[in-house]
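Here is the naming used below: chain letters follow the sequence lines, and residue numbers restart at 1 for every chain. Since the model is a prediction, treat every value here as computed from it, not as a measurement.
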Number of protein chains: 4
Amino acid sequence: MNTSFFHDMLGSIAERGRALIERTASRPELRAETRAPETLESLSRALLSGRGEASGVALARQLLDRYAREPIASRIEFFRLLAEGFDPDLAAIGRAWDAYRQDTSPRNLQDLLEAVEPPRQELFRRLNLAPGGTAALVAMREDLIRHGGSEPGLRKVDDDFAHLFGSWFNRGFLLLRPIDWSTPAEILERIIRYEAVHEIQGWDDLRRRVQPSDRRCFAFFHPSLVDEPLIFVEVALTREIPGSIQGLLAEAREVLPVGEATTAVFYSISNCQPGLRGVSFGNFLIKQVVEELSRELPLLTTFVTLSPVPGFAAWLAKRGAGPELEPGWHGDAAAAERSRAELLPLAAAYFLTAKGPGGKPLDPVARFHLGNGARLERLNWLGDTSPKGLREAHGLMVNYLYDLRFIEANHEAFANEGTVVTSAAVRQYLPATQPAPESVA
Amino acid sequence: MNTSFFHDMLGSIAERGRALIERTASRPELRAETRAPETLESLSRALLSGRGEASGVALARQLLDRYAREPIASRIEFFRLLAEGFDPDLAAIGRAWDAYRQDTSPRNLQDLLEAVEPPRQELFRRLNLAPGGTAALVAMREDLIRHGGSEPGLRKVDDDFAHLFGSWFNRGFLLLRPIDWSTPAEILERIIRYEAVHEIQGWDDLRRRVQPSDRRCFAFFHPSLVDEPLIFVEVALTREIPGSIQGLLAEAREVLPVGEATTAVFYSISNCQPGLRGVSFGNFLIKQVVEELSRELPLLTTFVTLSPVPGFAAWLAKRGAGPELEPGWHGDAAAAERSRAELLPLAAAYFLTAKGPGGKPLDPVARFHLGNGARLERLNWLGDTSPKGLREAHGLMVNYLYDLRFIEANHEAFANEGTVVTSAAVRQYLPATQPAPESVA
Amino acid sequence: MNTSFFHDMLGSIAERGRALIERTASRPELRAETRAPETLESLSRALLSGRGEASGVALARQLLDRYAREPIASRIEFFRLLAEGFDPDLAAIGRAWDAYRQDTSPRNLQDLLEAVEPPRQELFRRLNLAPGGTAALVAMREDLIRHGGSEPGLRKVDDDFAHLFGSWFNRGFLLLRPIDWSTPAEILERIIRYEAVHEIQGWDDLRRRVQPSDRRCFAFFHPSLVDEPLIFVEVALTREIPGSIQGLLAEAREVLPVGEATTAVFYSISNCQPGLRGVSFGNFLIKQVVEELSRELPLLTTFVTLSPVPGFAAWLAKRGAGPELEPGWHGDAAAAERSRAELLPLAAAYFLTAKGPGGKPLDPVARFHLGNGARLERLNWLGDTSPKGLREAHGLMVNYLYDLRFIEANHEAFANEGTVVTSAAVRQYLPATQPAPESVA
Amino acid sequence: MNTSFFHDMLGSIAERGRALIERTASRPELRAETRAPETLESLSRALLSGRGEASGVALARQLLDRYAREPIASRIEFFRLLAEGFDPDLAAIGRAWDAYRQDTSPRNLQDLLEAVEPPRQELFRRLNLAPGGTAALVAMREDLIRHGGSEPGLRKVDDDFAHLFGSWFNRGFLLLRPIDWSTPAEILERIIRYEAVHEIQGWDDLRRRVQPSDRRCFAFFHPSLVDEPLIFVEVALTREIPGSIQGLLAEAREVLPVGEATTAVFYSISNCQPGLRGVSFGNFLIKQVVEELSRELPLLTTFVTLSPVPGFAAWLAKRGAGPELEPGWHGDAAAAERSRAELLPLAAAYFLTAKGPGGKPLDPVARFHLGNGARLERLNWLGDTSPKGLREAHGLMVNYLYDLRFIEANHEAFANEGTVVTSAAVRQYLPATQPAPESVA
């Protein structure tokens, strides 16, 4: 298998994408390639017609150029058209269904599938023919979510985007890449911008997170979105499971010789593409990074997160159970100690008893990691003393442990019975009368 | 946009693919990763269950490894299972349809789409999670076509493959690459093997087709099938429209200085992946190569094929209209001239009047190029005097002309009315009484 | 010619270099690979002996590791050893010379060349065998210049470095690369650090210089110093010859559509490697960038610098001819105008009459560009109103014009007769009585 | 360290090289860039003059183009000019030597070095400024060796080439690359052509040597000769030290699972560039390949050659000691056995006692490997029964063992005392009366 030959191939995608963007950005006269004043609607209909078969690439290009020049109001209007004018044909479905239920032949199944599929989906597939089409479609959905997200009628269009993107951005097509100080600036800049958990304060801060040998960062990319990370995770290599994000990220910390690390800490994971909402990457990313790091550093034995608890303070407040905390309390040893004794049992209860719809934990971060098969490993008092950490969780952070041997069992216990798998260290905070959840791992 | 960063990314796909192949090929003991003796069926069900959510990549890998070890009979058995056991649920469709026809809400549409989609499709998507999954799925379909193609019940499985591949191998995800003497040997070897029109007789013959500056070759690739061309086209740069393939490929010919070429001749186009049957690449390939060559060589004015006429002799024979031709007739000037006068009008009739189902021309190559919007430009007597050329077409070859200005109109005339667009040079062979088809271009 | 195959090859150099650095940085126990306590001297002698022939790579590695661990005082001591202990053998030269002057045979010439060459040169060549050797040698010379530069006895060692580097860094081995926003951060960081003319104030400032489509940056690299630019030039694309660096670099300026540019302005050129002092890159860099830009943007007609005049104020002060300038004078229109009338004729005199040793202009920037064959095109009053610009040149900047048609003639006039080629616009400031230098271009 | 950024850089070298070649090959009108009819001599003098400083790249290009168009006789005439007209100036050397012997100051040493260096060397350095210059200079020396090699006066020119190439092709600048079935065809084609030991019979034979997982091939490349291997070595991975080349290369052999290999066999090593004669690569290549393979396959314990004995038959014949061998004797078991008993002691004597000038073994292959520090390990009767093997060595082959622990000691014993280090298995063939050479390893 030859990678370099293939590397060259990618140039073409990149260049075609760039060509499109430059053309539409800087040479407006080029964009009017139409023979007649065409609208988004007429172009859409043409693309789905016989003209689309003969000149799909050119028509798709034209429609995307046109879309790029429209103000947001017209774009939303276009989505309304897609929602209403490109729905499946009710009568055709009825006929196909009648035929299929009488004879479940392959032919009839195909007819039924075709009748049910909204023509929007084929329109999107044909738009993808154009150079840069994938990026343009992802941006289109971002427009839709951002500016039309509250409009129930547009939900159908969003569903079709989501369906296609789920197929196109299948994990099998994604590429894992390390992000480090040799990564192109334009990609690093996006890492700074997209970091959603612990804000990156400019280039020096970024460098501290990606350059030292005990820090790693990995991202998923898609071949058709060449310089756009889809999701990335930041990792610290340590000697033990850390309890404080400020400690972990301290400017003055000592770099750990990489051979001494036993623990990989996932301390931030951020999605980058609003237009890919609902396409799940995080689960795959964490597990592949565990694999990569295990291969590179066989001495690593522990894979763990250092995670925020975004819903804790609000949950306490709602229950009226919150502690009385003076501003600056966490800097006062005695006050901190008092609040610790009071709050850790409440935290254990929050994770183990506070349920949202579907019987799953209220905390979204907990849902994500437990759903991946991780175990709630430890509660960290004063884990995050930033304003946000104090505001959302009274400074609480937690660790979720990824132990590949138990991932599957944990996941199934969680998925089927809602079991929140925890360590004894967490369960100790529960009152003795409450039956401890069975530990799977 | 940074291409080199991305180039490196591709390494990972290539290596993961290779890792899988090597593992399964050389270390059988590694392949039994299961906790229990699992079957293709149990693995398939697990992959679609909660276990598949937690451990999708590993399960998919396991299933593909298992499949790779099965003999062909078990593989076909597996396809039967997929056809029967992974069909959509009739009752569920009925319920979803009832709900939808009463209220075409987004929610109801989603439910209907989900009910109708055969679970096979999701199974295939999850198999694609594994490293090398895409290649394995394409190979799987090749098994199906080759060994189960005649079994009507398996048609459904093939339809689902075709649907997914149509989406995954969308032209927007393909990469056009020149094939030349600096291409890796393993890819060139595939070009030799896959050439389907004018056989390549080993490496020296290949070199004559890709190395001289007046010869070009281009292929489409997909990022997940890194060293597998999907389709390729061979091109000769000439001073005029050629009429003979033996002349075009003569070993002793003189190389044309590239600056003197006015005409690009597409003389061979071959699909490489039986597992991608029905996914259409050829149309896009020709048009993009026209674009590429126009950009590189602005003096090119004519883009034309030199094409076989595979159905001509059989059609004549069926009609009893074939000429009486002695062996070796084409080497005898007088005999050749006689047959020419007799056969060219028959050839014109073949193209313009011999229709298959749907009113389209009987000749498959004609259907392809006319469907792309090309025009039938010229009939070439003694165009291919190889045994195959004589046997299938009494030596006839034709040129189809790709003129981008008329592609769309030609295509529509052909698609909507079945019009075979031809040049006057071809129409002259028709009897005067027969109304000449209207020329679009 | 296949570039991708070759691209992969480079990985090996990069990785070998990295391997060395990591090893010596993080695993001190690995660095003591010797069988006995060896000194820099014993290792040097071993490397030049038979052991060096058998184990050159390992010995070179060991010596470089050892050197890297020594404090600077021991390094200088090592250079003293090289200067004294690795000089050519006087008696051997005498014998070889006697033989050669009697018979200038090839054999005798070889013997003479070998006798004369200081053994240091062969030592350096053998040190280069080690992975990362080239970078280590360049760093070694940087130590020598920085810490031993004032010691006359070490001059010989520096001369040998300079001789070898002149051959190894021959322009034919250099690679020109654009530097832009897709360049790896580690290289951009060096651009920030090495910029020597108009300081780059962090990443935002850098981005303004490399990302907009009317800004370019190019650097020379050497295959064995993979992530170290050797020299770079910053270019602005404009509609006319600019007169003010503050105007050119203004944050709020409008970006020029690249198709409207007629002029490429070289406004900063910086050497990056102190260890390569005296190896001349600038001349080649400017000329190749002119070629590159001409090819990419055929509408460019003018290639010009915007250059500082670092010696002007000092020269005036020395002559007692400086103007009386109040602080802030350049912000006062009347004062500025007065100083303009006074200073421009002095500036013209500075360029045309102030000569240093060898009859060349006193101004080092002038010597560089005139020596390259450029012409002094324009004096720009208030061209640089930064503190440095006011301090060194009372705000004066100039443009040198690179017109490839006249480069050679200008260079020869300058080199042979010391002629400072100027435009009429500059000559007008000279008093009429002084004969204007003949204009070559 | 960022490799991909650097990879892109290399493109420029490749493209510049290609640009030059294409230009000179296909557009003769472009090649006459001179202002006047210039000769190789006038261009050479210009390049060394002030014009060369201003327009070195262009002049070098012009001279190389001009050279490329000259017939071989004019090229040799040019070399004669270089030999006679570009020698150092005797009087200048005399003056510099007088100054230096009175005062060995750095300045005087520099002056002496400059006086002694033939101006040819600087001319070659300046020719290297042109795109493709390095390749052109290597080709130039190939012309010189091939067509002027017997002319004593040209020896000086060859010496200067050799000196420069020795510095430019320093091992620190070389790149080791695996050669396999994913290598570009144009490079594989060169491997076929350059193989000098056991001829490669076309592409299928080549594939058998580079594709199976128990076969490897490695080559050195130089960044400025991008698609030209300099030297390559073919390796077989085996379970034991092989004794027969026909056995090793048998078409029908079974491929060894790579995990079972214990032994790496270097069975062919070929130089590719006649123009680089005398620049030593083989020693470095073998040792680096040992390192690479050790890293990849830690189970390998033995690194050994399977080598021809090219001078054996001639030596025997000269001594009149050769055996009486009938044609086809090696196929006759009894005859073979007789000759074995007779010839192995003679072979041992050949290696241990037959000395050439300088007291080194007569056999050139032995000199190479013993000089590298290898040990003569085993004599293989009927090791090569090809016509060449029978003709040159009566079928004898030998193994040289590379044991990195003893390389240095072996080399020194060989270099200083001429000791041929052998195994006991070889020494047993010596008559007891003869003192066995001391074994170093």
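Of the two parts of B:Glu291, only the side chain, counted from C-beta on, holds a non-hydrogen atom closer than 4.5 Å to a non-hydrogen atom of chain A. Neither the backbone nor the side chain of B:Phe414 comes within contact range of chain A; no heavy atoms are under 4.5 Å apart. Both the backbone and the side chain of A:Asn128 come within less than 4.5 Å of a heavy atom of chain B. Heavy-atom distances place both the backbone and the side chain of B:Ser167 under 4.5 Å from chain A. For a residue to count as touching a neighbouring chain, one of its non-hydrogen atoms must lie under 4.5 Å from one of that chain's; by this rule B:Leu154 does not touch chain A.
Residues satisfying the side-chain hydrogen bond (donor to acceptor under 3.5 Å, both in side chains) test with A:Glu151, not counting sequence neighbours, are A:Arg80.
Taking the side chain as every heavy atom from C-beta outward, B:Leu90 and A:Thr104 approach each other to under 4.5 Å. Side chains of B:Asp158 and A:Pro106 form no contact here, defined as non-hydrogen atoms less than 4.5 Å apart.
Contact tally against chain B (heavy-atom pairs below 4.5 Å) for A:Ala415, A:Gly373, A:Gly94: the top residue is A:Gly94. Between chain B and the options A:Ile93, A:Leu404, A:Asp87, heavy-atom pairs under 4.5 Å are most frequent for A:Ile93.
Smallest separation of non-hydrogen atoms from A:Leu109 and B:Val116: CD1-O, 4.4 Å. The two residues B:Ser224 and A:Gly172 have their closest heavy-atom pair at OG-O, 3.8 Å. Looking at every heavy atom in both residues, A:Lys156 comes nearest to B:Ser105 through CE-C, 4.2 Å.
Atom CZ of B:Arg101 has more than 12 neighbouring heavy atoms from other residues, nucleotides or ligands inside a 6.0 Å radius. For B:Arg190, the CZ atom sits in a packed shell: over 12 heavy atoms of surrounding residues, nucleotides or ligands are nearer than 6.0 Å.
The CZ atom of A:Phe124 lies 13.5 Å from the CG atom of B:Asn170; values are rounded to the nearest 0.5 Å. If you take OG on A:Ser49 and CD on B:Glu412, they are separated by 6.0 Å, rounding to the nearest 0.5 Å.
Exactly one residue among A:Glu114, A:Gln110, A:Glu117 makes a side-chain contact (heavy atoms from CB on, under 4.5 Å) with B:His163. That residue is A:Glu117.
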